[in-house]
There are 2 protein chains.
Amino acid sequence: MEYTVQVRMNDKLFLRDPESSELGRRIVRQSIMLIADIGFEEMTFRKLADRISTKEASIYRYFENKHRLLVYLIAWYWQWLEYQVIFHTNNLTDPREKLDRILKILLLKNLSPPTFSLGADNIDVSALHIIVIREASKAYLTHHVTEDNRQQLFKPYKDLCGRLASIILEYRPDYPYARSRASSIIETAHYQAYFMQYLPSLTDFGGQPEGLPTGEDRLLEFLRHLLFSSLDAPIQ
Amino acid sequence: MEYTVQVRMNDKLFLRDPESSELGRRIVRQSIMLIADIGFEEMTFRKLADRISTKEASIYRYFENKHRLLVYLIAWYWQWLEYQVIFHTNNLTDPREKLDRILKILLLKNLSPPTFSLGADNIDVSALHIIVIREASKAYLTHHVTEDNRQQLFKPYKDLCGRLASIILEYRPDYPYARSRASSIIETAHYQAYFMQYLPSLTDFGGQPEGLPTGEDRLLEFLRHLLFSSLDAPIQ
DNA sequence: GTATCATTGATAGTAATACTATCACTAACA
DNA sequence: TGTTAGTGATAGTATTACTATCAATGATAC
């Protein structure tokens, strides 16, 4: 039996629910491939329309504009990731283990099999992960953050951070920066992954000599050290 | 006597050196005001030209395109910041104190007086700081990072991170993640400052009740704790 | 079976953007 | 006095980010 857990997306994110039609699903799935491929700035609704043999105007019936489509994809990813977190930490009691597991999930390691991937069929989560790393900050680093935030567009990200923060507090109840710690470890994970690939001199995970741990593994080690050193240190 | 230390910018960043003419300087200074005001996406060379009473084509004689102008501004900021770091840590011997000082500089606290501001006259560093927080990542989160990187466009940022990394190693010679620690603390400083202002629920620095430290002060405390807990923790 | 309704295809069009090209003018300089 | 660099002024192009309209289609309701 296959479990596919549908994500309920905020309906401010779209004009017509893309999961409600075949065309809508193609828009979402193929936009992920296209953006991962050529980047968000270079992606246009015309190129996307050509790719899925439809018309620009049809895409506009689902998404108000390009930016909303990006926000939709990112929001979907965070909801998917929160589900992964819930799923993989559910049976754990030790908060340290939970945090450790979450770090791996952030790097898309030890994924649940596709059977359990959230949302309907065939969303390429790896491609989406690439997009999140390179484009997610563009979702909120805009002149209209406040308005977008008022429409709850960033709620999935906030929810994930909130969940992570509460596990941090399980581990260390008197830690005074739980929310900042949560958001900063997530951002750091993505930034370092990006730097590792494109600006490796900004990291310590550059070359991968034979027999040694890969960049990804060392990044994970770094994040672990970063997170637990801050949570284990005395306050003040 | 006034010291103005000229920044020598990478000449790949511009077509004609904007510091070499009055118009060029107006372009740089007013673009800072305009971008800080309306955001990078909304800024156009036409609006900028109108603002300084020149023509679009004249701006294109200095900067190849909008993105290069952004990269130029960001690069200028990093060079300015590195100068601040050198200046303010020069007389210190204790690496811990140096690091502490650098965190303040990252938040633009305890600035050197305008007398010592690097570069020619009247660059509004506070406005530029706002731009760096909101737009700096757009300088490298592009599809053409690799090409831009090959042209050394990000050298100022790398230099700053390198300098910070070497001070980290002064403080803790066997710390294995000096470069990643350097880049991540800088990114975290900016992200948290942004979140604090626009998405405060992602931080712990939201409301500022009377008599308590301001958000900025608590952010600084957080960064201090984050940095030193990681550098003081045992490895493995 | 027919009305109607929602969805898409197809075409067209607009305002703005991101440039490029050209040429005349001016001030500096050689 | 001639040359040149820099700028102003105007014009123009390709593309983008949309909006509008209407016909074709296929499903559903009666």
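Just so it is clear: chains get the letters A, B, ... in the order the sequence lines come, proteins before strands, and each one is counted from 1.
Here the P atom of nucleotide D/dA17 and the NZ atom of A/Lys66 are 4 Å apart, to the nearest Å. Separating the CG atom of B/Asp17 from the P atom of D/dA5 is a distance of 17 Å, rounded to the nearest angstrom.
Regarding contacts with the backbone of D/dT7, a side-chain N or O of B/Arg16 is found under 4.0 angstrom from either OP1 or OP2. An OP1 or OP2 oxygen of D/dT7 is reached within less than 4.0 angstrom by a side-chain nitrogen or oxygen of B/Tyr62.
Residue-to-nucleotide proximity on DNA chain D shows that, of B/Arg26 and B/Arg46, the 5′-proximal contact is made by B/Arg26.
Using cut-offs of 30° and 60° on the angle between ring planes, the pair B/Tyr72 and B/Phe63 is perpendicular. Under the 30°/60° scheme for interplanar angles, the aromatic rings of B/Phe222 and B/Phe205 are found to be tilted. Aromatic ring pairs are classed by plane angle as parallel below 30°, tilted from 30° to 60° and perpendicular above 60°; the pair B/Tyr194 and B/Tyr198 is tilted. Using the six-membered ring where Trp is involved, A/His67 and A/Phe40 have ring planes that are perpendicular, over 60° apart on the 30 and 60° scheme.
Within the 3.5 Å criterion, the main-chain N or O of A/Asp217 finds no donor-acceptor partner in the side chain of A/Lys109. A donor-acceptor pair is defined here as one N or O able to donate and one able to accept, closer than 3.5 Å; no such pair exists between the side chain of B/Asp148 and the backbone of B/Ala139.
With contacts defined as side-chain heavy-atom distances shorter than 4.5 Å, the pair A/Glu41/A/Lys138 qualifies. Looking at B/Leu202 and A/Tyr157, their side chains come closer than 4.5 Å, going by heavy atoms from C-beta outward. No side-chain heavy atom of A/Arg26 sits less than 4.5 Å from a side-chain heavy atom of A/Arg51.
Heavy-atom distances under 4.0 Å link DNA chain D to A/Thr44 of residues 31-44 of chain A, given in residue order. Sorted by residue number, the members of residues 47-61 of chain A with any non-hydrogen atom under 4.0 Å from DNA chain D read A/Glu56, A/Ala57, A/Tyr60, A/Arg61.
Contacts between chain A and DNA chain C, taken as any atom within less than 4.0 angstrom of a protein heavy atom, begin and end at C/dT7 to C/dT11.
Remark: A/Glu19 engages A/Arg29 in a salt bridge, criterion side-chain N to carboxylate O under 4.0 Å.
The neighbour count for B/Lys155 NZ, taken as heavy atoms of other residues, nucleotides or ligands under 6.0 Å away, does not exceed 12.
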